[in-house]
Amino acid sequence: ATPNIKSGGTNNQDLLFTTGTGNPTRLQIQSNGTKVVSNGRLNISSTFIDFSGSISTPATAAAIFRPADNTLAFSTANTERLRITSGGQVNIGGDYTQTSRFVNINGGSGVGQLQLKGTEADLWLHSTGSGKQWRILGCTGNTTHRFRVYDQTNAAERFAIHENGNVSINHTGAQNATLDIRTDLDPTNGVMCFLRNNTNDGNGAMYGMDINGCGTWSCGMLDNSNNFSIVKGSGNSGSEYFRVDSSGRVLIGTTTEGYQDADNLTIRDSGNCGITIRSGTSNYGSIFFSDATSGSGEYDGFVQYDHINQ
């Protein structure tokens with residue numbers, strides 16, 4: 001069929017462009033200036049569409065429009081869904097005028113979600129300033145199911161959560177514990193540190209536990225101290241039962257060491273106090289006094305109880 005241009009539409013006030021079998025309308029310019037493309041496609045080559053003049057969200061099923069100067073928006077069901085700002089920020093689902101984040105997803109009353117799907121789900125983080133790169137991976141290929149943080153710059157896996165819930169830090173071999181931490185360094189501040197920044201319970205490095213409501217215990221350095229302590233309760237607010245002080249002295253039931261010539265081990269109780277040495281029924285219970293690390297000096301004196309000859 002020969003292409004044709006003719007009038008049509010309401011009261012023949014529209015301009016129609018027809019072509020093809022049966023001369024269907026391919027382009028219709030309505031009397032109000034609206035352009036309608038139907039039964040075909042619009043092919044634009046080596047040119048561009050210029051959106052001049054800002055408008056509100058069009059009342060139509062789907063649209064591309066300019067909501068403000070130097071911005072571009074996409075809408076469906078009469079609602080704006082995505083906007084590209086003049087600075088290149090992409091805002092999805094809301095916060096359309098924010099410019100502090102280059103990609104922003106707003107779930108509104110629902111859940112804001114971003115899904116990466118493929119044989120390998122992979123998010124790259126690349127600092128153009130330092131040239132350093134990190135990757136966050138949900139899996140590798142079709143067989144490895146673990147969440148990983150990967151140092152792309154140094155080609156090393158730094159952190160992983162395995163499918164059984166075990167966590168590995170700086171270790172890619174067999175898991176030997178629920179939390180497996182490895183290091184080749186000789187750290188001066190410890191391999192692992194738990195800090196409780198709380199003025200009531202103290203600011204020292206502590207670890208607390210409450211297993212099935214049986215009780216809470218903490219161990220570590222209490223606030224403003226250079227001692228290792230075991231505390232029933234949480235930090236400073238608990239009761240300290242055991243201490244190794246900065247001089248290596250051991251204190252049980254007290255925080256004050258004993259007489260200076262016998263203060264390596266101090267045990268205190270508000271009532272009766274003592275030490276029990278429990279050995280086998282055919283063995284000895286002993287305390288030895290020594291001034292050497294070998295030879296007879298290791299047993300210069302001793303107190304010994306023989307269970308055989310009671």
Side-chain angles (χ1 to χ4, degrees), residues 1-138 149 152:
T2 302
N4 189 25
I5 301 175
K6 63 181 180 179
S7 61
T10 304
N11 298 323
N12 287 324
Q13 294 182 354
D14 299 346
L15 184 62
L16 308 181
F17 295 79
T18 65
T19 186
T21 303
N23 285 325
T25 300
R26 304 299 189 182
L27 174 64
Q28 180 176 349
I29 302 176
Q30 298 177 340
S31 59
N32 61 3
T34 301
K35 289 83 172 175
V36 179
V37 177
S38 61
N39 299 318
R41 65 182 181 181
L42 180 62
N43 186 9
I44 300 177
S45 178
S46 301
T47 186
F48 60 90
I49 300 175
D50 183 9
F51 293 86
S52 57
S54 302
I55 62 172
S56 301
T57 304
T60 185
I64 303 173
F65 64 100
R66 184 181 115 164
D69 190 30
N70 294 321
T71 65
L72 187 65
F74 298 78
S75 67
T76 61
N78 305 333
T79 303
E80 183 175 353
R81 306 298 187 185
L82 182 148
R83 181 182 296 192
I84 303 173
T85 70
S86 59
Q89 292 84 6
V90 178
N91 298 314
I92 303 172
D95 300 325
Y96 293 117
T97 60
Q98 77 83 27
T99 57
S100 60
R101 297 170 298 278
F102 276 98
V103 177
N104 176 68
I105 300 176
N106 186 336
S109 58
V111 179
Q113 293 181 328
L114 174 65
Q115 176 175 288
L116 303 177
K117 188 176 182 179
T119 303
E120 181 171 295
D122 195 342
L123 177 65
W124 286 64
L125 306 175
H126 186 180
S127 171
T128 56
S130 64
K132 306 299 183 181
Q133 297 183 57
W134 287 83
R135 295 169 64 191
I136 300 174
L137 301 94
V149 176
Q152 184 69 25

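For reference, positions follow the sequence shown, starting with 1.
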Visitor: Below 4.5 Å, heavy atoms only, C-beta onward: do T97 and R83 meet side chain to side chain?
Guide: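 Counting from C-beta outward, T97 and R83 do come under 4.5 Å.
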Visitor: Looking only at non-hydrogen atoms, find the nearest pair between L123 and L116 and report the distance.
Guide: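 It is CB-CD1, 3.9 Å.
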Visitor: Say you draw a straight line from OG of S56 to CZ of F65; how long is it, rounded to the nearest 0.5 Å?
Guide: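 Between S56 OG and F65 CZ, I get 8.0 Å after rounding to 0.5 Å.
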Visitor: Other residues, nucleotides and ligands only: do more than 12 of their heavy atoms fall within 6.0 Å of CZ on F74?
Guide: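 Enclosed.
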Visitor: Considering all heavy atoms of both residues, which atom of D69 and which atom of S86 are nearest to each other, and what is their separation?
Guide: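 For D69 versus S86, the nearest heavy atoms are O-CB, 4.5 Å.
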Visitor: Can you find a heavy atom in the side chain of N104 that is under 4.5 Å from one in the side chain of Q89?
Guide: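 Not touching, per the 4.5 Å side-chain cut-off.
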Visitor: Should V90 and L82 count as side-chain neighbours, where that means a heavy-atom distance under 4.5 Å?
Guide: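 The answer is yes; the side chains approach within 4.5 Å.
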Visitor: Between OG1 of T60 and CG of N78, what distance do you get to the nearest 0.5 Å?
Guide: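 T60 OG1 to N78 CG: 7.0 Å, rounded to 0.5 Å.
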Visitor: Would you indicate whether the side-chain heavy atoms of F48 and D50 approach each other to under 4.5 Å?
Guide: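 A side-chain contact under 4.5 Å exists here.
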Visitor: How far apart are the C-alpha atoms of Q30 and Q28, what are their side-chain angles, what is the distance that settles it, and do they pass the side chain to side chain contact (heavy atoms under 4.5 Å, CB included) test?
Guide: CA-CA 6 Å; Q30 298 177 340; Q28 180 176 349; 4.1 Å; yes
Visitor: Would you check if T71 and F51 make a side-chain contact, meaning some heavy-atom pair closer than 4.5 Å?
Guide: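 They are not in contact (no side-chain heavy atoms under 4.5 Å apart), so the answer is no.
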Visitor: Let me see the working for I136 and W134 under side chain to side chain contact (heavy atoms under 4.5 Å, CB included), right down to the final yes or no.
Guide: CA-CA 7 Å; I136 300 174; W134 287 83; over 6 Å; no
Visitor: Taking atom CD1 of I29 and atom CD1 of I5, what is their separation to the nearest 0.5 Å?
Guide: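 Taking CD1 in I29 and CD1 in I5, the distance rounds to 9.0 Å.
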Visitor: Taking all non-hydrogen atoms of both residues into account, name the closest pair between P3 and T19 and its distance.
Guide: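 So the two residues come closest at CG-OG1, 3.7 Å.
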Visitor: In a check of side chain to side chain donor-acceptor pair (under 3.5 Å) between Q98 and each of N91, N106, T85, which one passes?
Guide: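 Exactly one pass, corresponding to N91.
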Visitor: Between atom CG of L72 and atom CD1 of I84, what is the distance when rounded to the nearest 0.5 Å?
Guide: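 CD1 of I84 is found 5.5 Å from CG of L72.
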Visitor: Considering non-hydrogen atoms only, spot the tightest contact between W124 and D122 and give its length.
Guide: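 Residues W124 and D122, closest heavy atoms: NE1-OD2, 3.3 Å.
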Visitor: Report the distance from atom CG of N4 to atom OG1 of T25, rounding to the nearest 0.5 Å.
Guide: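 If I round to the nearest 0.5 Å, the distance is 9.5 Å.
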Visitor: Nearest 0.5 Å, what's the OG-CD distance between S75 and E80?
Guide: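 Result: 7.5 Å between the selected atoms.
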